[in-house]
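These numbers come from a predicted model, not from an experiment. Below, chains carry the letters A, B, ... as their sequence lines are ordered, and counting in each starts from 1.
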Amino acid sequence: MTLKDAAVGSKVKVVKIEGQGAVKRRIMDMGITKGIEILIRKVAPLGDPVEVTVRGYELSIRKADAQMITVE
Amino acid sequence: MIKIALAGNPNCGKTTLFNALTGSNQYVGNWPGDTEEKKEGRLKGNKDTVIVDLPGIYSLSPYTLEEVIARNYLISEKPDAILNILDGTNIERNLYLTTQLTELGIPVVIAVNMMDAVRKSGDFINTAELSKKTGCKVIEISALKGENVMEAAQEAVKVALSKKATIPQHTFNAEVEEILDNIEEKITDVPNEQKRFFAIKLFERDDKIKSLMKNPPDVEKLIIEAEEKFDDDSESIITNERYVYISSIIKSCYTKKSKEKLSTSDKIDKIVTNRILALPIFAVVMFIVYYISVTTVGTIATDWANDGVFGDGWFFLGQGSAAYSEASDEYSTAQTEIEAFLSAAEEAGLDIEASDFVKQAEAAQITGEAEFYDDNGNIEKTVNVDSALYSQALEVEEPNPSDFGPYIPGIPVLVENLLVSINCAAWLQDLILNGIIAGVGAVLGFVPQMFVLFAFLAFLEACGYMARIAFIMDRVFRKFGLSGKSFIPMLIGSGCGVPGIMASRTIENDKERKMTIMTTTFVPCGAKLPIIALISGALFGGAWWVAPSAYFVGIAAIICSGIILKKTKMFAGDPSPFVMELPPYHMPTVGNILRSMWERGSSFIKKAGTIILLATIFVWFTSGYGFTDGAFGPCAMENSMLASIGNVISVLFVPLGWGDWQASVAAITGLIAKENVVGTMGILYGGFEEVAENGWQVWANLREAYTPVAAYSFLVFNLLCAPCFAAMGAIKREMNNLKWFIGAIAYQTIFAYCVALCVYQIGTFITTGVFGVGTVVGLALIVFFIYLLCRKYKESTTLKVDLSANIE
């Protein structure tokens with residue numbers, strides 16, 4: 001399952017981050033790394049992006065990018 | 001001289017700390033080779049210490065402009081110390097940057113900000129432990145409350161003087177450390193204290209750092225080995241290790257009081273970005289911003305500045321202005337009646353100069369017919385003026401504004417009085433009043449409204465709602481290469497493009513900001529409405545669809561430009577991941593809002609003022625002067641130099657259907673202010689000194705001169721082409737780069753030209769059926785447009801940035 005498919009309100013654990021380069025680095029720079037817990041808070045009114053809580057703060061991430069994050 | 005670099009994440013309170021440390025001793029410059037602003041300031045009470053405000057960054061990666069600028073500065077300029085500011089309420093992620101800063105071989109002091117909020121929430125940060133784990137001196141501060149800020153700076157000065165570089169305390173996985181040691185040994189041309197940083201960057205395959213080295217060692221084999229072992233790319237290995245280290249120390253440094261309890265900010269966010277309520281709330285917020293900064297307070301401020309301070313004059317606090325305007329209406333009614341009566345008398349052959357004229361007229365039973373017009377040039381009412389009414393009208397005196405209330409004359413009036421009293425030459429008076437002061441007015445006239453808007457923007461940014469706007473609107477705007485935050489510039493741009501462009505400052509991403517600046521003025525602003533009214537009234541009988549179609553053209557231009565430009569090299573060149581922090585809501589301080597408002601407003605005056613002033617003077621001069629009867633001097637517009645210029649360039653507009661010099665001149669005077677197009681058409685097509693806002697006096701003449709299709713093409717061109725000088729000044733200021741400024745203006749004008757050409761050529765073909773070369777060109781352009789819109793493009797994965805050239 002990827003972060004994109006995770007249900008709102010659920011807590012997931014990051015297994016792997018796909019991709020490479022700028023987008024992947026940025027996602028990881030913001031604290032989404034292997035083994036970290038992510039809480040999916042909400043989806044924007046127009047359906048994209050999603051808001052998640054990671055390492056104690058709120059982060060907005062596009063679904064296209066969330067798809068690169070494998071979670072469980 | 002000690003240089004201290006202020007580094008920290010966005011939203012950590014860095015700007016507030018910078019302001020607290022430097023007060024008013026700030027200078028704004030540019031970072032080398034780039035358009036980003038660089039702020040420096042002298043430390044309060046310590047003239048020998050300069051604080052450099054680095055851009056807010058999360059990391060020292062090679063992928064965003066801000067990060068590249070910051071690390072280049074840190075490596076090449078080597079400041080004496082880094083003051084690393086952390087957001088105490090979000091310490092885990094903030095420490096990530098700290099782990100990178102401590103590797104640079106520069107003394108680092110950590111200031112944990114927002115301690116007041118941390119204490120209030122009952123959380124605890126063990127600064128002694130944090131200091132041990134990071135190897136830096138740690139100070140608790142609250143930049144907002146001014147708590148401990150000077151102590152933090154003094155501490156930074158102390159470590160700067162000691163010249164003892166911070167030694168990074170964090171260690172990675174033993175295997176990674178081994179590889180890094182291995183690389184460090186191979187590095188020869190870097191000072192010892194920077195070796196770890198360079199080793200890590202080489203391991204990460206950072207080509208920008210590699211290019212800084214004279215003879216970089218080849219470490220590719222080591223990297224590949226590690227990547228196979230860890231089953232991940234080298235960059236991610238390092239990032240992972242950093243966070244693993246932070247997770248390992250955070251437990252001993254930071255105790256959170258309550259888990260899972262909703263904070264006030266969470267509660268606000270639950271409502272504000274709620275799936276159902278978010279859009280209505282957004283609409284209300286935008287309505288308030290627009291209503292106050294454009295419709296009400298903004299318009300009052302702009303009218304006051306333009307018509308009052310830089311016009312005839314104004315009533316203090318508006319006292320007496322209603323009574324005065326009533327009196328002056330009465331006066332102008334009387335004047336119309338007098339004119340009607342006199343022209344009737346003249347027609348009857350009476351001598352209106354005669355001393356017993358009234359008696360003669362009475363005897364001859366003269367009656368004039370005074371016609372009063374409504375806004376569209378229809379006769380609203382006619383009044384028969386007999387000699388009794390005439391005598392009555394003569395009694396009406398021209399009202400003197402100072403009789404009605406505390407009246408303050410405008411600057412032009414005051415200066416004119418002064419110039420007359422010192423017997424100033426007429427041409428010089430003209431230059432000062434109509435050239436220079438009008439030009440200064442064009443610059444300053446926008447400032448009051450801008451201040452109102454900037455106060456709003458500063459509030460929205462500081463309280464955290466701006467990030468939510470990007471969150472809510474992202475889906476709509478990102479398709480056109482714009483940011484969700486582009487909504488505000490476009491919205492404000494429908495009132496006035498100048499503050500609209502200035503509002504783009506809130507967009508962090510460089511490409512999205514530039515795209516917003518280039519497209520904002522496509523939205524028809526308030527000053528373009530008279531042009532729409534003129535064309536709609538003159539050639540389309542005031543048809544309902546003309547005005548909405550103008551907005552449609554504007555929005556379509558934004559969308560098409562966004563899609564086309566996004567695929568060009570200039571814009572597709574950089575990767576732009578949208579992973580954005582949503583900072584907690586908090587109440588900003590009045591001081592910070594006022595400071596941000598003042599900074600943005602004054603930078604418009606400083607950086608946009610000159611170009612607006614010079615351009616206004618140029619057009620004023622060329623439109624009022626020229627060669628008449630072989631002598632150079634002031635003349636009517638049709639003989640002016642501008643008319644000659646119009647004659648020459650009008651050839652260009654033949655394919656657009658309005659290749660006469662009048663239209664060209666009108667388009668040029670429109671650059672001073674778009675509503676001038678109507679006034680110029682009034683002068684050149686009817687000899688009217690002054691026309692109504694929609695120019696109804698010349699509608700009949702325009703109908704003879706243009707076909708509807710040609711007039712619509714004229715309208716489209718004026719809507720989309722280069723905006724007025726004030727907006728161009730704002731574009732120049734916001735682009736902060738001459739090449740981009742010229743590029744933006746050229747793009748807008750060429751785009752406008754092509755669209756107007758298509759409108760005219762295809763429109764003419766449809767309405768008349770005449771097929772010619774122009775039609776072919778028009779069709780070819782449309783095909784080309786479609787190609788530009790549909791072609792494929794690939795986003796680049798590296799950031800191309802040239803920091804070698806230093807433009808000031």
Side-chain angles (χ1 to χ4, degrees), chain A residues 2-4 6-72, chain B residues 58-59 61-64 67 87 89-94 96-97 204 231-233 235-236 239-240 242-244 246-247 250 256 265-266 269-270 273-279 282 467-468 470-476 478 484 574-584 795-799:
Chain A
T2 69
L3 183 64
K4 182 184 168 234
V8 172
S10 68
K11 250 189 190 169
V12 294
K13 200 169 174 187
V14 176
V15 179
K16 194 175 165 54
I17 298 153
E18 306 287 336
Q20 53 178 336
V23 180
K24 181 176 183 186
R25 172 72 185 261
R26 173 79 167 185
I27 289 172
M28 293 186 68
D29 276 348
M30 298 305 276
I32 300 181
T33 53
K34 247 183 256 172
I36 198 77
E37 258 194 4
I38 298 179
L39 167 68
I40 293 93
R41 289 179 66 103
K42 65 164 80 85
V43 178
L46 298 172
D48 196 10
V50 280
E51 181 182 340
V52 300
T53 303
V54 58
R55 294 186 190 269
Y57 78 100
E58 318 309 323
L59 191 69
S60 147
I61 183 167
R62 282 180 186 160
K63 281 188 169 168
D65 298 334
Q67 210 167 2
M68 295 165 54
I69 304 166
T70 315
V71 294
E72 60 177 20
Chain B
Y58 294 108
S59 170
S61 87
Y63 297 115
T64 77
E67 290 171 12
D87 173 358
T89 62
N90 183 5
I91 198 150
E92 202 172 334
R93 197 208 57 224
N94 275 252
Y96 177 68
L97 179 66
E204 288 178 341
D231 186 29
D232 214 340
D233 56 284
E235 232 180 338
S236 307
T239 310
N240 229 352
R242 288 188 198 283
Y243 269 114
V244 167
I246 293 167
S247 303
I250 200 77
K256 208 166 169 55
S265 176
D266 291 338
D269 210 40
K270 262 211 139 122
T273 54
N274 178 293
R275 191 129 202 203
I276 300 151
L277 290 176
L279 288 175
F282 174 68
R468 270 74 186 185
F471 177 69
I472 296 169
M473 300 308 287
D474 176 65
R475 178 151 210 184
V476 181
R478 70 156 185 252
D574 295 347
S576 57
F578 180 81
V579 185
M580 183 187 62
E581 183 188 0
L582 296 168
E795 229 168 70
S796 158
T797 49
T798 53
L799 174 76

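Of the listed residues (A:Gly47, A:Gly56, A:Ala64), the one with the most heavy-atom contacts under 4.5 Å to chain B is A:Gly47. Considering only heavy-atom pairs separated by less than 4.5 Å from chain B, the leading option among A:Asp48, A:Ile27, A:Ile61, A:Val43 is A:Asp48.
With a threshold of 4.5 angstrom between heavy atoms, B:Asn240 approaches chain A through its backbone and through its side chain. Both the backbone and the side chain of B:Tyr243 come within contact range of chain A, with heavy atoms under 4.5 Å apart. Interface remark: B:Glu92 contributes side-chain atoms only to the contact with chain A (heavy atom separation under 4.5 Å).
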- So A:Leu46 and B:Leu279, side-chain contact (heavy atoms from CB on, under 4.5 Å) or not? Walk me through it. CA-CA 9 Å; A:Leu46 298 172; B:Leu279 288 175; 4.0 Å; yes

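Under 4.0 Å is where a charged nitrogen must lie from a carboxylate oxygen, and between A:Arg25 and B:Glu204 at least one such pair does. A salt bridge links A:Lys34 with B:Asp232: at least one charged nitrogen is closer than 4.0 Å to a carboxylate oxygen. Ion pair A:Lys24/B:Asp233 flagged as a salt bridge, since at least one NZ, NE, NH1 or NH2 atom sits closer than 4.0 Å to an Asp/Glu carboxylate oxygen.
Remark: of the listed residues B:Asn90, B:Thr89, B:Leu582, B:Asn90 is the sole one forming a side-chain contact (heavy atoms from CB on, under 4.5 Å) with A:Tyr57.
A cation-pi arrangement is not found for A:Arg26 relative to B:Tyr63, the charged atom failing to lie both closer than 6.0 Å to the ring centre and inside a 45° cone about the ring normal.
Rounded to the nearest 0.5 Å, atoms CZ (B:Arg242) and OG1 (A:Thr33) are 13.0 Å apart.
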